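This structure is a prediction, so every number in the text was calculated from the model and none was measured.
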Amino acid sequence: MTELLAPAGNIEALDAALGEGADAVYMGLKSFNARLRSSNFAWNQAEAAVQSVHRAGKKLYVTVNTVCEENETERLYRFLNYLTKIEVDGIIVQDFGVVRMCQEFFPNLELHASTQMNVESSAAANLLSKEGFKRVVVARELGLEEIKKIKASTNAELEMFVHGALCVSESGLCLFSSYLGGKSANRGMCTQACRRFYTAEIPGNLSNGYYFSPCDLELIGQVPDLMQAGVDSFKIEGRMKSAEYVGAVTAAYRYVMDHWQDDKKGAIAEGRRILSTDFARSKTDYWYGFKTVEEGVENAGAKILNPNQAGGTGIYLGKISALREASHEEREASAQFDAEKKIQMALISGGDYEPDPGDSIRLHKKDDTGRESHKVRIVAPDEKGHRWIDIPLGFTKDDSVYLLQTKAMSKRYKKMLPPDLSKFRKQPGGEHLPILDLTPAAKNELNYFPEGLYIQVSTVADAHMVNMAHPVRVILELNSETSYDLLKKDTAEKPVLPYSKKMVIISLDPFAAEGNNGQLEEKLNALIEKGYSTFIVNNLAHINMLKGKKVNMIAGPYLYTFNRWAVSFLENQNIMALQTPLENSEKNLEETFETSAERERVLLSVFSYPVLFRMRFKLPKDYDFTYFYDKEKMGFKVNSTVDGSFVMPELPCSLLDKMDSLKHKGWKRQLIDFSKTKVLKGDMKNLLSLIQSHEFISGSSRFNWKDGFYNPEKMEAYKAKAEREAKENASGAQRPSARKNGGAKKSAPKRRR
């Protein structure tokens, strides 16, 4: 029987989820979860919730689905120990360090792979199953046939999202929010930068829109097919949503799951009716309905993206199609509720729901200069049957309107937690995490990974162009174009690349979906047969495909290694060399790899145009642009290809001016990354000149290298300290001097240069 799994972002949502028939709930606590902006649960609340949920015969899972820095590992260890003590039914994890720690110290904690772990194939699911995982939450960018194939080829339970907000990026691979200010999606701090308003350069003009703001997922109509496919758990997204939302969505899916076998069409229709109170964005079934992967790549973008849809939540009611002044009677009626608010009357057209008195709506100006929430008080039908509603002054024709909440959405549920929580006293203790020593590389074990300059490119032509830099290794991205050049071209006359195969490393794409993996395995076998022996692996599926073959594997930046325990997990997969994650900081890197011997295993990016987010589809045909800009005039570029679409910054991330000092610190393997970027001869000359002169590239970014991840706890501490100092200074200014006349006055120490 398929489990219905609902979100519990707070106590009220927990009550609603179980009150509407969820089989299980998932929640986060105050740390190590990917929704740090939701309310989350205190220690005593979580302990009480576990007991209450178990008494109801249900299950409770806790999210531990963020990456963890080295200095947080002891706190993580204590947290996992606490979860063991309160006997949660499972933990949802992303970081390989959490996995490794559980394997070593907490084998009774049931492991579920978060969608942030980027699992979209049976190859990845099977590797995790062998590592002790009970369940994997598959990526959202999959179709029904892919889900069926995965289920038929793995022993792991499959959990999948069926409803709620989508990420435009492929699961677990977004760096956009982190790039813009250290608020990493991999740390639960995503600012949803993709949903912002952008200006695009189209031929001969500029155009504005919410170009990368995705619709919300709704698979209520696919529930029967997915249950027949054997999916083990249906997951509703929404730990930041209200209890009303959680209750309504849970009720809708519960009804369809329980009744579709009796009346499939009627059950789905009733489910959709219940979902009419889902005050979220317009809906999509995303990757469902396509017969082939290629069809999905061509058309999924048009199903998920709507540049006219603002990023905020709310059911799209349509646009203002007509306006008129409010009558005297209408103004009088409105004044009974709010005497200060001035209203006008509007017709709303284009949506599927007409608001009633008491419903809450939000209005968005079409130029994104303003938004306002408003409670509808008046509905005035005219002789043609049109329903005019009151709205605030200041909004005009073609402004958008969204439903936030209906009057009928308030519902009381039985409280799950007891009123007195005083007996629930468990919390993380003061246990010390045992020291972990990384496995030293054996003599000659890393011969394939020499010191020196590495250069990564996306085409064979670019591989020729970078030869002038004399790299010790060239990394060639495996994509549709390079696959053709390396495997399909007639190479009898001359080699495709100006390097020996020993000098070439093949880099694999981090998104490895079930629908493409048959072809990928064929390509890998053909490349190995041709003599290529070193691969950068960016997905767990790659590790499984290459295991047992006589090849060298380097962990790529998307197999996130932010702590020694994550590195240890990869060591157990026989991977000793790695490229550090692109959003890592110098401080954390140095804490993770303390010795020069450990740093010999690390490839460090010193120049790149990092892919900030990647989409498994071509952009819609009317997205006729390459460059776009945000409100601060920061520029970005997008490449739309048969391998998907990729968004990068217009200016690079660079540590070129620090290359020598980095070498002295032990980072002797350095990468210049031209992925997704055409390399020109002039560019190479300029780059080599900058390396020689140790110059900083004007306008370039350091990403998180200097400041690290945004830390809300540190920010609160800084604010508190500043406020304290301000108060002390203010009181000091008012206090009379205690120094007697003639007393010696101490001077501040002089600043030394």
Side-chain angles (χ1 to χ4, degrees), residues 26-36 40-47 49-50 60-114 116-117 128 131-134 184 186-189 424-439 559-573 578 580-581 584-585 587-595 598 708-709 711-714:
Y26 65 102
M27 63 171 60
L29 275 70
K30 297 297 183 181
S31 56
F32 302 116
N33 88 85
R35 286 292 183 271
L36 287 179
N40 295 311
F41 283 68
W43 306 122
N44 60 347
Q45 291 173 332
E47 184 184 357
V50 172
L60 186 148
Y61 310 125
V62 171
T63 55
V64 194
N65 56 342
T66 62
V67 295
C68 176
E69 291 191 289
E70 181 62 30
N71 63 12
E72 299 168 322
T73 52
E74 187 157 85
R75 187 159 61 94
L76 172 65
Y77 174 72
R78 295 169 180 174
F79 182 52
L80 294 173
N81 196 33
Y82 161 79
L83 295 178
T84 302
K85 289 177 180 177
I86 67 171
E87 299 182 337
V88 300
D89 294 288
I91 59 173
I92 305 167
V93 305
Q94 175 187 14
D95 195 320
F96 299 137
V98 178
V99 181
R100 182 70 182 83
M101 213 175 277
C102 287
Q103 291 172 333
E104 187 77 15
F105 305 112
F106 310 107
N108 292 330
L109 276 178
E110 184 173 295
L111 295 176
H112 297 188
S114 167
Q116 288 292 108
M117 200 176 266
L128 289 174
E131 291 296 328
F133 276 75
K134 175 79 175 295
S184 173
N186 287 316
R187 300 271 292 171
M189 295 295 295
F424 300 102
R425 298 178 179 178
K426 292 175 183 171
Q427 56 182 288
E431 302 91 349
H432 293 292
L433 174 65
I435 294 173
L436 173 70
D437 292 322
L438 296 181
T439 305
L559 289 177
Y560 301 123
T561 47
F562 288 97
N563 57 75
R564 298 170 74 85
W565 291 87
V567 177
S568 178
F569 175 85
L570 292 175
E571 288 178 346
N572 290 344
Q573 311 302 320
L578 61 93
T580 184
N584 211 349
S585 69
K587 181 176 183 292
N588 186 58
L589 193 61
E590 290 177 345
E591 290 177 352
T592 306
F593 301 96
E594 295 180 319
T595 68
E598 291 171 349
F709 290 123
N711 187 319
E713 295 172 355
K714 285 184 179 178

Next on the checklist: If the threshold is 4.0 Å, N to carboxylate O, is there a salt bridge linking E571 and R100?
Outcome noted: no
Item to check | Derivation of the side-chain contact (heavy atoms from CB on, under 4.5 Å) call for L128 and L111 | outcome: CA-CA 9 Å; L128 289 174; L111 295 176; over 6 Å; no
Checklist entry - Where do K85 and E431 come nearest, in terms of heavy atoms and distance? => result NZ-OE2, 3.6 Å
Checklist outcome for this item: Output for pair (E598 CD, L589 CG), nearest 0.5 Å, gives 11.0 Å
Checklist entry - Counting distance only, does the side-chain N/O of T73 pair as donor-acceptor with the main-chain N or O of E69 below 3.5 Å? => result no
Checklist entry - Could you go step by step and tell me if F133 and H112 meet the ring-ring contact (aromatic ring centres under 6.0 Å, His included) rule? => result CA-CA 6 Å; F133 276 75; H112 297 188; 8.5 Å; no
Next on the checklist: Apply salt bridge (Lys or Arg N to Asp or Glu O under 4.0 Å) to residues E87 and K426 and explain how you reach the verdict.
Outcome noted: CA-CA 11 Å; E87 299 182 337; K426 292 175 183 171; over 6 Å; no
Checklist outcome for this item: In this structure, CG of L76 is separated from CG of L433 (nearest 0.5 Å) by 8.5 Å
Checklist outcome for this item: Correct closest heavy-atom pair for L438 and S568 would be CD2-N, 4.4 Å
Checklist entry - Does the side chain of L60 reach to within under 4.5 Å of the side chain of V62, using non-hydrogen atoms? => result yes
Next on the checklist: Checking Q573 against E131 for the side chain to side chain donor-acceptor pair (under 3.5 Å) test, could you report, in this order, the C-alpha distance in whole Å, the side-chain angles of both residues, the deciding distance, and whether it holds?
Outcome noted: CA-CA 10 Å; Q573 311 302 320; E131 291 296 328; 3.0 Å; yes
Next on the checklist: In this structure, is the centre-to-centre distance between the rings of W565 and F96 below 6.0 Å?
Outcome noted: no
Item to check | Nearest-0.5 Å distance that lies between atom CG in L29 and atom CD in E47 | outcome: 11.0 Å
Checklist entry - In terms of heavy-atom contacts, does CD of E104 have more than 12 from other residues, nucleotides or ligands at under 6.0 Å? => result yes
Checklist entry - With respect to D95, which candidate in N186, N65, N563, T66 satisfies the side chain to side chain donor-acceptor pair (under 3.5 Å) definition? => result N563
Item to check | Y560 side-chain N/O to M117 backbone N/O, donor-acceptor pair under 3.5 Å | outcome: no
Checklist entry - Looking at CZ of R78 and CD of Q427, how far apart are the two atoms once the value is rounded to the nearest 0.5 Å? => result 12.0 Å
Checklist entry - Looking only at heavy atoms, which two atoms of A46 and Y82 are closest? And how far apart? => result CB-OH, 3.6 Å
Checklist entry - Between V67 and Q94, is a side-chain contact (heavy atoms from CB on, under 4.5 Å) present by the stated rule, with each step listed? => result CA-CA 7 Å; V67 295; Q94 175 187 14; 4.0 Å; yes
Next on the checklist: Parallel, tilted or perpendicular, judged at 30° and 60°: which one describes the rings of Y77 and F106?
Outcome noted: tilted
Next on the checklist: Could you measure the distance from the OG atom of S114 to the CD1 atom of I91? Nearest 0.5 Å is fine.
Outcome noted: 11.5 Å
Item to check | Contacts of type ring pair (Phe, Tyr, Trp, His ring centres under 6.0 Å), residue F424, not counting sequence neighbours | outcome: none
Checklist outcome for this item: Correct closest heavy-atom pair for T561 and A566 would be CA-CB, 4.0 Å
Next on the checklist: Could you walk me through whether T592 and R564 satisfy the side chain to side chain donor-acceptor pair (under 3.5 Å) test, starting with their C-alpha distance in whole Å, then the side-chain angles of each, then the deciding distance to 0.1 Å, before giving a yes or no?
Outcome noted: CA-CA 6 Å; T592 306; R564 298 170 74 85; over 6 Å; no
Checklist entry - Relative to the ring of F562, is the ring of F709 parallel (under 30°), tilted (30 to 60°) or perpendicular (over 60°)? => result tilted
Next on the checklist: For E70, is there any backbone N or O sitting under 3.5 Å from a side-chain donor or acceptor partner on N588?
Outcome noted: yes
Checklist entry - Which value, rounded to the nearest 0.5 Å, describes the distance between S585 atom OG and E590 atom CD? => result 8.5 Å
